Number of protein chains: 2
Amino acid sequence: MASSNSKTEDSLGEAVYAKMRELLRNGTLAPAERVSEQSLCKLFDVSRTPAREALQRLLSEGFLTTTGGGRMIVATIDIARAEEIYDMREAVECLAARLAAKRAQTADLIELRAILADQEKGQDNETEFLAINDRFHRCIYRISNNRYVQHTAEILRVSAEMIRGETKGRYDYDAWSLDDHRAIYEAIENGDGAAAEEAARQHVRRGRFQRLALLLERTDAPA
Amino acid sequence: MASSNSKTEDSLGEAVYAKMRELLRNGTLAPAERVSEQSLCKLFDVSRTPAREALQRLLSEGFLTTTGGGRMIVATIDIARAEEIYDMREAVECLAARLAAKRAQTADLIELRAILADQEKGQDNETEFLAINDRFHRCIYRISNNRYVQHTAEILRVSAEMIRGETKGRYDYDAWSLDDHRAIYEAIENGDGAAAEEAARQHVRRGRFQRLALLLERTDAPA
DNA sequence: CGAATTTCCAATGTATGCAAAAAGCGTTCT
DNA sequence: AGAACGCTTTTTGCATACATTGGAAATTCG
């Protein structure tokens with residue numbers, strides 16, 4: 001038995017939730033796709049109860065949308081919604097960076113440096129890049145030491161990634177990412193909250209423009 | 001039968017969740033109090049399924065804490081946690097105010113004015129004051145037209161209210177609230193996002209100092 | 001008398017049964 | 001041919017049964 005991959009979660013519902021979030025993040029579950037309790041049951045070989053748990057949590061966090069009756073589909077990220085996500089991300093990421101600058105211990109700085117070093121090595125594909133990117137930002141959330149920041153920032157990250165599901169196939173690794181991360185790290189190392197906040201703001205905004213541009217292209221020239 | 005009070009929710013789980021959140025907000029459920037599925041079943045006369053739904057959602061939103069095994073208690077808000085709540089609130093409330101200033105229609109302004117007028121009439125007790133206060137801020141969240149802001153701001157509001165559960169009996173209606181609200185309204189009416197953000201920041205910070213002061217008093221002189 | 005252990009019980013995790021509502025679909029009527 | 005109607009099938013909402021885990025209490029030993 002056992003669930004093959006993934007880290008051992010204590011409860012099935014939790015495990016299903018985590019796996020579903022990953023599927024949503026990496027685009028395996030495309031926007032507007034239908035998701036039913038039954039589909040999760042078969043996909044993860046669990047009963048309806050844990051499946052329901054995961055679905056309801058994903059719904060309340062905005063990853064899923066309910067269509068008329070209780071049926072659910074993967075949330076579609078149109079432009080208005082993308083703007084909402086990035087307005088919120090800017091506020092939360094800036095706060096995270098500012099708090100991290102105030103609170104980072106030497107051990108935290110070492111960890112961040114290691115991630116930066118990995119990023120400097122260069123990545124072969126989008127997946128690797130996204131993984132390192134995630135490590136960097138999640139690390140900052142953790143250093144901020146604020147559970148609300150962590151929780152919300154994680155959700156917004158995945159939500160923003162879902163935009164890629166709307167613009168699939170585009171390789172959006174960009175050089176500015178490394179420079180931005182360096183700037184954020186420097187500010188954190190210096191304990192300069194204002195600078196960290198500003199660097200984070202720049203970083204979020206660049207990502208915003210890039211993602212929105214992709215989304216607009218697709219909207220202009222659809223099927 | 002039917003559920004006596006409250007607005008008609010379509011699903012039992014939703015209804016239980018809403019009622020629980022209200023009980024948490026108004027302090028009926030005190031911090032550190034145990035909450036079990038069974039207790040909700042009896043309290044709202046539903047089966048375990050909707051009770052579980054509500055509990056898990058409340059848990060994931062930080063209103064409840066799990067103790068060792070899956071048992072849950074009402075989250076206790078110590079000082080560190082209060083600081084987390086207010087750090088986050090500042091970011092989110094400022095964003096809400098800024099967005100509201102950008103987007104408010106005349107109808108929105110009229111609604112805000114009406115609430116302000118109600119507040120100017122004065123309130124006899126804490127409950128009335130809190131209700132009007134809630135209306136004002138919820139209205140701004142709505143005007144911001146950002147579901148992430150709305151969702152997170154609501155959660156943070158209730159979480160901050162839970163601090164009152166830790167400091168019960170204190171009547172914390174204060175004169176500055178009306179002045180602050182007027183300032184926020186003015187900025188929104190003028191479409192001045194920066195001013196709205198700054199007014200909101202002042203407002204949140206005043207609330208923060210007040211609440212933290214109460215919490216400190218109680219911590220210094222406990223049982 | 002206090003501490004450790006064992007036993008019992010309560011609460012949660014999971015699965016499933018039942019009924020109602022909704023979607024899908026074919027048929028029929030205009 | 002298109003639209004409207006009714007039936008079937010699927011899916012969800014709610015309730016409950018079963019098993020397992022963790023805690024509390026009572027008992028026993030030092």
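Since the model is a prediction, treat every value here as computed from it, not as a measurement. A note on names: the letters A, B, ... follow the listed sequences, proteins ahead of strands, and every chain is numbered from 1.
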Item to check | Sugar-phosphate or base contact per nucleotide [nucleotides 11-17 of chain D; S, B, -; heavy atom under 4.0 Å] | outcome: SBBBBBB
Checklist entry - Is a side-chain donor or acceptor of A:S39 paired with a backbone partner of A:V35 at a separation under 3.5 angstrom? => result no
Checklist entry - Checking A:R208 against A:Y86: charged group under 6.0 Å from the ring centre and within 45 degrees of the axis? => result no
Next on the checklist: Is the ring pair B:H203/B:H181 parallel, tilted or perpendicular, if the boundaries are 30 and 60 degrees?
Outcome noted: perpendicular
Checklist entry - Checking side chain to side chain contact (heavy atoms under 4.5 Å, CB included) against A:I115, which of A:N133, A:I140, A:I132, A:D134 comes through? => result A:I132
Checklist entry - Is the shortest distance from a Lys or Arg side-chain nitrogen in A:K19 or A:E22 to a carboxylate oxygen in the other one below 4.0 Å? => result no
